[in-house]
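Reckoned from all heavy atoms, side chains included, excluding hydrogens, waters and symmetry mates. Atoms within each ligand, like the ligands themselves, are counted from 1 in listed order.
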Amino acid sequence: MIAENISEIKKRIWEVCKKVGRNPEEITIVAVTKTVPVDKIKEAINAGIYDIGENKVQELLEKRNSIENVRWHFVGHLQTNKVKYIVDFVYLIHSVDSLKLALEIEKRAKKINRIIDILIEVNTSGEKTKYGVKPEEAIELVRQISERCEFVRIKGLMTVAAYLPNPEDVRPMFRLLKQLKEEIEKFNFKNVEMKHLSMGMSNDYLIAIEEGATIVRIGTAIFGPRNQKVK
Ligand SMILES: *Cc1c(COP(=O)(O)O)cnc(C)c1O
């Protein structure tokens, strides 16, 4: 099941890339594995997944003991007091939305002399329940992180779009994220390389790719529905 789901997703990614003239190699699939048990995650890894995303520090740490040779992405809301648990191994933190959090990552990263790659999470839907910096405050946040951090490297932007019955309706949110990325690029901020757009989930990853996603975060379409309600 899982292997088939992954090959189906890859096929669709190839097709949509062909349609819009993009190279499928520039797209990374992050398998989002919250609530998914280790044996299922291993199935996905055997089927060619190399990037794993979790949204809770505790769960990530538990799973990490039994899973090797993957790149760990942190995609959920990160509390400053939890940064220290992931800073020595995390591959990419997708969800930085405050200077305070960035400064904590900086402090912890400096201590162990490790560069940490992050994305800035932007709330493109305007929903109050969503994390992320407001679009109009994103450039200022990037500027401040760039000025104050040496060990934190901004690699792009991330968004969790609204969940809408018609995925077509989320397109404007993806466009907004891409526009912001292009605006930020023009400033040439120090330690900022606007390489990635992390956008698109099971419901809307093809549209996200049409709009420029370089990272798609997929859970349900790989592992099936989660039985617990998780944020
Ligand atoms: C759960 C989650 C996903 C994956 O969602 P699916 O709809 O199951 O593909 C992606 N990004 C974040 C931040 C998540 O929490």
(request) Would you mind telling me if ligand 1 is within reach of the side chain of Lys34, the backbone, both or neither, using heavy atoms under 4.0 Å? (result) side chain
(message) Is any side-chain heavy atom of Leu99 closer than 4.5 Å to one of Arg148?
(response) yes
(request) On the 0 to 90° scale, with breaks at 30° and 60°, tag the Tyr131-His77 ring pair as parallel, tilted or perpendicular. (result) parallel
(request) Give the atoms of ligand 1, by number and element, whose distance to some non-hydrogen atom of Thr220 is under 4.0 Å. (result) 6 (P), 7 (O), 8 (O), 9 (O)
(message) If we set the cut-off at 4.0 Å for heavy atoms, which region of Val75 has an atom near ligand 1: side chain, backbone, both, or neither?
(response) both
(request) Using non-hydrogen atoms of the residue, decide whether Arg226 is closer than 4.0 angstrom to ligand 1. (result) yes
(message) Taking ring pair (Phe, Tyr, Trp, His ring centres under 6.0 Å) as the cut-off, I'd like each qualifying pair that reaches into residues 142-174, sequence neighbours left out, listed once.
(response) none
(request) For a side-chain contact (heavy atoms from CB on, under 4.5 Å) with Leu180, tell me which candidate from Val142, Val122, Leu197 qualifies. (result) Val122
(request) Sorted by first residue and then second, give each ring pair (Phe, Tyr, Trp, His ring centres under 6.0 Å) pair with at least one member in residues 175-194; sequence neighbours left out. (result) Phe187-Phe189
(request) State whether the shortest distance between N or O atoms of Ile218 and N or O atoms of ligand 1 falls below 3.5 angstrom. (result) no
(message) I need the atoms of ligand 1 closer than 4.0 Å to a non-hydrogen atom of Arg217, numbered in the order shown.
(response) 4 (C), 9 (O), 10 (C), 11 (N), 12 (C), 13 (C)
